[in-house]
Amino acid sequence: MRKKIITGNWKMNADKNEAVSLVNGLLEKYGELNLSENKIVVIAPPFPYIHYISSVFIKHPYFFAGAQNCSEYEKGAYTGEVSAKIIASLDVKYVIIGHSERRQYFRETDEILLQKIYRAQKEKLIPIFCCGESLESREAGDHFTFIKKQLDDCVFHLTEEEFGNIVIAYEPIWAIGTGKTASPEQAQEVHQFIRQQIKEKYSESTAEQTTILYGGSVTAKNASELFAEKDIDGGLVGGASLKADEFAAIIKA
Ligand code: PGA
């Protein structure tokens, strides 16, 4: 059975007090969430809170801390960067790699992202690799080609064993932070396509085991419809992860 994962990506939000109350709000609901080995939650806060969160989560076995990014370099004179090794040493288990905001604002290419994945895996972090088409690509109807290229140019360079230790997140750029969610049918169609590509590249069993998350304006309202689709194994949630009640409702869905 593949893992179901809800990841909260706080992006560059929440000051210290807000972060603490958000975490407390989620911990209060921990017992209601029905989590297990195969149904887990990852919270990816801004770096300054990551160790606080991973320490608090030690007593909550199905909550994990995640990073929003890691450096493509191993260590050394890279002012402002945070390495996979530093992240892993803070009891963090996951790292988001290739979010469209990193690709767009920080010019991260698939080549750079592949280096980040190698760094992360070397430290036993699990990369959550984001892919997804732009609005122009969707409107032109070439979104499958767009996504296939992102896979080919990055994660499909991994061996089957390496690929077995990543999570994929499909995040259509036009749905991120816009309030415009992909319909369950649109999302399912792409998830199925991604799973098929994994099958063709590696094997049926790897395709069946890969967790594929949907991200882009997931809310408590639309979560259960999206998660009911057979190839959608959870969500990567931005805005709605900043409210404990709403995020808990998404986890329950
Ligand atoms: P959103 O962000 O839920 O605010 O649309 C999703 C994401 O960027 O991961």
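Bear in mind that the values here come from a model prediction, so they are computed numbers and not experimental data. Counting convention: from 1, in listed order, for ligands and their atoms alike.
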Q: Do any nitrogen or oxygen atoms of G238 come within less than 3.5 Å of a nitrogen or oxygen of ligand 1?
A: yes
Q: Are any of the N/O atoms in G216 less than 3.5 Å from those in ligand 1?
A: no
Q: Specify whether F193 and F144 have parallel, tilted or perpendicular ring planes, treating 30° as the upper limit for parallel and 60° as the lower limit for perpendicular.
A: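 Taking F144 first and then F193, their aromatic rings sit tilted (interplane angle of 30° to 60°).
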Q: Using distance alone, decide if ligand 1 has a nitrogen or oxygen within less than 3.5 Å of any nitrogen or oxygen in G177.
A: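 Such a contact does occur with ligand 1.
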Q: By number and element, which atoms of ligand 1 are closer than 4.0 Å to a non-hydrogen atom of L236?
A: 6 (C), 9 (O)
Q: Of K116, K122, K85, which meets salt bridge (charged side-chain N to carboxylate O under 4.0 Å, His left out) against E74?
A: K122
Q: Are any of the heavy atoms in A175 under 4.0 Å away from ligand 1?
A: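 Judged by the 4.0 Å heavy-atom criterion, A175 does count as contacting ligand 1.
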Q: For residues I87 and E123, determine if any side-chain heavy atom of one lies less than 4.5 Å from a side-chain heavy atom of the other.
A: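 No. Closest side-chain heavy atoms not under 4.5 Å.
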Q: Would you check if there is a donor-acceptor pair between the side chains of Q68 and H99 at a distance under 3.5 Å?
A: no
Q: Can you tell me how the ring of Y214 sits relative to the ring of H191, calling it parallel under 30°, perpendicular over 60° and tilted otherwise?
A: tilted
Q: Quick one: look up the protein heavy atom nearest atom 2 (O) of ligand 1 and list residue, atom name and how far away it is.
A: K11 NZ, 3.3 Å
Q: Are any of the N/O atoms in T178 less than 3.5 Å from those in ligand 1?
A: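 Not met; the criterion fails.
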Q: Tell me whether G215 reaches ligand 1 (any heavy atom closer than 4.0 angstrom to a ligand atom).
A: no
Q: Which of the atoms in ligand 1, numbered in the order shown and given with their element, are less than 4.0 Å from a heavy-atom of H99?
A: 7 (C), 8 (O), 9 (O)
Q: Going by the atom numbers of ligand 1, which of them fall below 4.0 Å from some non-hydrogen atom of G239?
A: 1 (P), 3 (O), 4 (O)
Q: Checking side-chain polar atoms at under 3.5 Å, does D231 have a donor or acceptor matched by the opposite partner on Q192?
A: no
Q: Testing the 3.5 Å rule here: is there a donor-acceptor pair between the side chains of T206 and S203?
A: yes
Q: Contact between R195 and I212 at the side-chain level, heavy atoms closer than 4.5 Å - yes or no?
A: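 Side-chain contact under 4.5 Å: yes.
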Q: What protein heavy atom sits nearest atom 9 (O) of ligand 1, and how far away is it?
A: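 So the nearest neighbour among protein heavy atoms is E171 OE2, 2.7 Å.
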